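Notes to accompany the following structure.
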2 protein chains.
Amino acid sequence: MKDWIWTRERKAAPARETLSREQIVAAAMTILDTEGIAGLSMRKLGTKLAAGATSLYWYVDTKDDLIDLLIDEVWGEIDVPEPELAGWRAGALLFGHSLRSAVLRHPWLPEVMYTRPSIGPNAMSMGSRGLVLFGAAGFSEHEIDLALGSVMSYVLGTVSAEVATREMVRKSGRSQESWVSDILEQAKVVAGDYPEMQKSVRRRTSMDLDSGLTENFVFGLDALLDGLESRVKK
Amino acid sequence: MKDWIWTRERKAAPARETLSREQIVAAAMTILDTEGIAGLSMRKLGTKLAAGATSLYWYVDTKDDLIDLLIDEVWGEIDVPEPELAGWRAGALLFGHSLRSAVLRHPWLPEVMYTRPSIGPNAMSMGSRGLVLFGAAGFSEHEIDLALGSVMSYVLGTVSAEVATREMVRKSGRSQESWVSDILEQAKVVAGDYPEMQKSVRRRTSMDLDSGLTENFVFGLDALLDGLESRVKK
DNA sequence: TGACGATCTCGTACGGTGTGCGAGTCCTTT
DNA sequence: AAAGGACTCGCACACCGTACGAGATCGTCA
């Protein structure tokens, strides 16, 4: 059995000024947030910490392990309200928004999240609090798992798509408007024969990207919560 | 403006027996489906086609462009029923299942899907047919976009998570049961203090992975469609 | 004080990656 | 026969993750 990063601790206090896992994680996080996954290499991270690239391997077995730590760091930013505060429905809404904004702050997450299990301490804490929240809604035990999973999947799916378009704008290095109109022009060429698509595209261009994405998110989340609410056993 | 792959065509009939974009895409697809994204390199793909790696660059500008083609290929496998056949609700359910099973057939998709815009011809066709289907439900024009987007995000989010666990089992090279129990044992160590998590974990282990994942998918999709249905303007 | 072992750093090297470039080969058209 | 387009591909470059082992620095104990 592999020994996981989560259960490996520093043996004793460092003898002298050294690197630390926290330091490495923090530096890697700022690289990821500003340059994306493709911008993170061990050599670059080493340089940023004024250290040799391979020094990092004392604190982390592989780059993938480092990314596991970074992902769990994000889960740690999400807050899941206690059900006593405002009840399940409002709590779930808040949870959804918190999850969304965390991913928007760390847009590299969707690209890596689906390639590894999330079993770090923060993921566990978040999951546990989510179960408590959804448990208060009156679902059966089994439905608690299903409902929480649905909401998380919806939120992560929506925000992944959202982040994808935001990131593509950013990477293009151009203004939102100019990028959108470029893509849409292209889409028009390819989709000339699809009038519904053209109409939808025209609808979208007529509104602000930011507020459109937010509205999209809220609309679906509300609908999903409606559907879940009606499943609570009376 | 970048010239997109979608609008670049072969000028004339090939002079002699040559490679072709279709051939390359097909070979790359089987590599992706069997070995995943990490298994696809231009050199390996070249070898598979009995060609030099750099020969491929005649047909495709970059590896990313090739992946764009592959993604659009997947969108081409999804069928979106006409609303006349069974109405919106049944059609949306069918669409969801079709989307899910396509991703299950091509488990590499979530890892790359969120890094680029889907504006290929098949994506356009799928989107257009989706709009037609949801248009028949009685939504306002604006709500059509929102509702379709929500369903797609939910389905892709759910199936991405699903594929992630399935792939991790596969890559571990061990039996489903042994992998699951390993992960759960680890989770237990990390999450000792979270009784709700432990209970949830125990619930999950007591059931078949396959049917559990399917039930999860259907439960949330049904709830979402319920919520959407109640939003149709009367 | 001196020696030992643990902790930590890092230069070098290996085998991989995507792909730019330019030379070379084939086939059609004039 | 000559020209020119269509296509193939070997070489080279810069970059990647990381295994390995030599070295540096420390606390501890004889």
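Residue numbers begin at 1 in each chain, while the letters A, B, ... track the order of the sequences. The structure displayed is predicted, hence computed values, not measured ones.
For the OP1/OP2 pair of C:dC8 and a distance below 4.0 Å, the side-chain nitrogens and oxygens of A:S55 include no atom meeting the criterion. Contact check, B:W58 against D:dC7: a side-chain N or O comes under 4.0 Å of OP1 or OP2. For B:Y59, a side-chain nitrogen or oxygen approaches OP1 or OP2 of D:dT8 to under 4.0 Å.
Taken over five-pair windows at either terminus, the axes of the helix from C:dT1-D:dA30 to C:dT30-D:dA1 are inclined to one another by 30° (rounded to 10 degrees).
Look at CD1 on A:I67: it is 9 Å from P on D:dG17, rounded to the nearest Å. In this structure, A:L19 atom CG and D:dT25 atom C1' are separated by 14 Å, rounded to whole Å. Atom-to-atom, CG of A:D65 to C1' of D:dA19 comes out at 16 Å; the value is rounded to the nearest Å. One can place OH of A:Y57 at 13 Å from C1' of C:dC10, the figure rounded to the nearest angstrom. The interatomic distance linking B:L66 (CG) with C:dT19 (C1') rounds to 14 Å, in whole Å. The distance from atom CG of B:L56 to atom P of C:dT17 is 13 Å, rounded to the nearest whole Å. Remark: P of C:dC10 and CD1 of A:I24 are 11 Å apart, rounded to the nearest angstrom. Nucleotide C:dT19 holds its P atom 12 Å from the CG atom of B:L45, rounded to whole Å.
No side-chain donor-acceptor contact under 3.5 Å links A:Y59 to the backbone of A:I24. B:Y154 places a side-chain N or O within donor-acceptor distance of the main-chain N or O of B:F217, the cut-off being under 3.5 Å.
Here salt bridge (charged side-chain N to carboxylate O under 4.0 Å, His left out) pairs that include residues 24-41 of chain A, with residues two or more places apart or in two chains, are A:E35-A:K44. The salt bridge (charged side-chain N to carboxylate O under 4.0 Å, His left out) analysis of residues 112-123 of chain B, with sequence neighbours excluded, yields the pairs B:D64-B:R116, B:D68-B:R116.
By the salt bridge (Lys or Arg N to Asp or Glu O under 4.0 Å) test, B:E77 is found to be paired with B:R105, residues two or more places apart in sequence or in another chain being considered. For the ring pair (Phe, Tyr, Trp, His ring centres under 6.0 Å) test, residues two or more places apart in sequence or in another chain that qualify with B:F134 are B:W88. Residues passing the side-chain contact (heavy atoms from CB on, under 4.5 Å) test with A:T115, sequence neighbours excluded: B:E111. Partners of A:D210 according to the salt bridge (Lys or Arg N to Asp or Glu O under 4.0 Å) rule, which considers only residues two or more places apart in sequence or in another chain, are A:R166. Annotation: salt bridge (Lys or Arg N to Asp or Glu O under 4.0 Å) contacts of A:E167 (sequence neighbours excluded): A:R170.
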Please list, for nucleotides 11-16 of chain D, all pairs of protein and nucleotide N/O atoms separated by less than 3.5 Å.
from, atom 1, to, atom 2, distance (Å)
D:dC16, OP1, A:S41, OG, 3.1

